[in-house]
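Right, one structure below, let's go through it.
Source: prediction; values computed, not measured. Here is the naming used below: chain letters follow the sequence lines, and residue numbers restart at 1 for every chain.
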Number of protein chains: 2
Amino acid sequence: MSVLITGIGELVTNDPEREGLLGLVEDAAVVVEGSTVAWVGPAAEAPAADTAYDAGGRAVVPGWVDSHSHLVFAGDRAQEFAARMTGEPYSAGGIRTTVAATRAATDEQLTSHVARLVAEMRAQGTTTIEIKSGYGLSVHDEARSLAVARQFTDETTFLGAHVVPADTTPEEYVELVTGPMLEAAAPHARWIDVFCEDGAFDVDQARTILAAGTDNGLRGRLHANQLTYGGGVRLAAELGLVAVDHCTYLTDDDVSALADSGTIATLLPGVEFSTRHPYVDARRLLDAGVRVALASDCNPGSCFTSSLAFCVALAVRDMGMSPAEAVHAATAMGAAALDRDDVGVLAVGKRADLVLLDAPSYLHLAYRPGVPLVAGVWQGGRPVAPGPVA
Amino acid sequence: MSVLITGIGELVTNDPEREGLLGLVEDAAVVVEGSTVAWVGPAAEAPAADTAYDAGGRAVVPGWVDSHSHLVFAGDRAQEFAARMTGEPYSAGGIRTTVAATRAATDEQLTSHVARLVAEMRAQGTTTIEIKSGYGLSVHDEARSLAVARQFTDETTFLGAHVVPADTTPEEYVELVTGPMLEAAAPHARWIDVFCEDGAFDVDQARTILAAGTDNGLRGRLHANQLTYGGGVRLAAELGLVAVDHCTYLTDDDVSALADSGTIATLLPGVEFSTRHPYVDARRLLDAGVRVALASDCNPGSCFTSSLAFCVALAVRDMGMSPAEAVHAATAMGAAALDRDDVGVLAVGKRADLVLLDAPSYLHLAYRPGVPLVAGVWQGGRPVAPGPVA
């Protein structure tokens, strides 16, 4: 069964074989066959298909690839957020509030909560989602968090090393994370991650935990330099990790290390928005040759946005990215940050993840901040979100 | 025909007879009869009604009252926006680009464009909208702009004095605005407004234009101190206008004048977002006793957001408002800025404009920035937006 999507006023392909960063095609069409893209090009040259959909001159972009989220949790920290807005600083310790609520929740409660957030993201055009554990912090609760996450995505990340739980010493906890917890978690996870930060885990602990993960078949990623300067980013570069996330506080040496290693800096502007930390100067990174991705970091503590369009608007307003760079960072670079080449790009053979915008150009994602512009979403070729695409 | 809306986890009433700024009621219910609110209180005490709707524990807030928008226009300035983000400053002169496109559009094109934006706003929970002219700048085009706007709202504002068109002297244009243009516009308008700013109209011109409007039965409002310091805000206070909008550059004397006059300062944080001007310190105004409203300023040049939830999130993050103050400013104070007491408040006899949030608390409007949280909208008692309320 093939579908011709025609009348696309502006198509963002991210195809490196086309011109410009976004590989734009005007007056475009896409043919979807099953779950993949079968043809991309000017509408006037499009082949026939079993059915046709007219985009009416609107823009189409690849589905967002959100490479950093923490969706498996229970409870609400809206009051903590409100207190922070009156001047209380954000600290990693707040994570423990969510841990207590998550442990108390049933599997069904956790699953339905994740389902709700995944549906919310999909309706906003996110078609690939990485989901971390990290609010269980016990062997049982980390394993079940990942089992829940795995129902929704293959991109699951074991983040037992999110914070040291209240009733354990750091030494004991690292032993647990690298031993029985890792063993229980690994079957449900693709990645292993560590929150490398003052108040969480130091560089040596992060190195130990990532090494144990690698030995158990997981690939490493890292939360680093979110709240303070530190060695996390340089560790990520040294280990050649595919991505290191946050990167809020970077020295020139950190920037050089990222540029030299090719490790992607995944920036999470929603966190800066919701904690009032300074926005990352993405321009500095891009100009130094660092590869930059954008993700939501959707979580109940430091950033409860699920909107990558919002992150794109912030990146343009406050981080020195052009609209094209920001859209690319939240699609193609998000995919690269997950070491994926089947998503984030609209080209023949890639997964048919398309977002129809109620706008003539991707520029409107930054030009119209806060406005829900998604008119339809195809995920793996299937229409999945409400709107004109039904 | 009466409807009982019950199971409201948290109800924002803005009713001054209830406790706190927002007059919150927990575990609440509302009875709607026809187009108005017939009962508000704890769900356990609610009277019977013809039909019932269960809000499922979610929060309900009054519909947004957006007291400042420029929806009657044609054309797109996304490229100008993108250029501005790379460093080009915003200037009032860009308005002329939209004037040319608006004059070239047919009545039908203008009407369908406004209809689209009004529907977009309503789906986001805006149930009262002020709409200005100001992209016609000829007798014919200002009158037809207002006639188009009047199809969608009673809150129409004649803004012939938006900028001086290219082919006229300021003196000639003020004569036109206060003479034949005002005469043609007045039957379609409730308000008269002037863009009092360097590059637009000075204080003396604004005074003359507002006086002419008042003589023709219109009530005055003002764009002032948006791009530079100036006398506009003090003029608004001196004239006792109900509201003066923007207020980005304020001296201490301006603040005192606002506090003394009771003129509402309508802040438009989307403009600061999209032009990179500094955010207004709303805390300074509130602490000085100034009444503050929030509105979108939805327009193609300086700010093309239509989302008051986005404005609320910015006000909390960047302007020193609490979530409660920001929500109040975009509802009850928006109504006050239009001198309306039938909207912006959920109390017996008020218009039944309710927004059901996909969230347990109004706090989520700031806690979850960029996320479309509207699950349903009732406008004048009728369900008008997609979502669970159908």
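Contact annotation for Pro300(B): both backbone and side-chain heavy atoms come within less than 4.5 Å of a heavy atom of chain A. In this structure, chain A has no heavy atom under 4.5 Å from any part of Cys311(B). Neither the backbone nor the side chain of Ala309(A) comes within contact range of chain B, judged by heavy atoms closer than 4.5 Å.
By the 30° and 60° cut-offs, the orientation of the rings of Phe310(B) relative to Phe310(A) is perpendicular. Between Tyr367(B) and Phe304(A), the ring planes lie perpendicular to each other; the angle is over 60°, past the 30° to 60° tilted range.
In plain terms, the two heavy atoms of Met85(A) and Val316(B) that are nearest each other are CG-CG1, 3.5 Å. Closest heavy-atom contact between Gln124(A) and Pro372(B): OE1-CD, 3.3 Å. The two residues Arg116(A) and Asp358(B) come nearest to each other via the heavy atoms NH2-O, 3.3 Å.
Of all the listed residues (Ser306(A), Ala324(A), Cys303(A)), the one sharing the greatest number of non-hydrogen pairs under 4.5 Å with chain B is Ser306(A). With respect to chain A, the highest number of heavy-atom pairs below 4.5 Å among Gln79(B), Arg77(B), Met321(B) belongs to Arg77(B). Highest contact tally toward chain A, considering only Asp318(B), Leu363(B), Leu308(B), Val371(B), is held by Val371(B) [criterion: heavy-atom pairs under 4.5 Å]. For the options Arg283(B), Glu272(B), Met121(B), heavy-atom pairs under 4.5 Å to chain A are most numerous at Glu272(B).
Using a distance-only test at 3.5 Å, with no hydrogens or angles considered, no donor-acceptor pair links the side chain of Arg317(A) to the main chain of Ser274(B).
Residues Ser307(B) and Arg368(A) fail the side-chain proximity criterion, which asks for heavy atoms closer than 4.5 Å.
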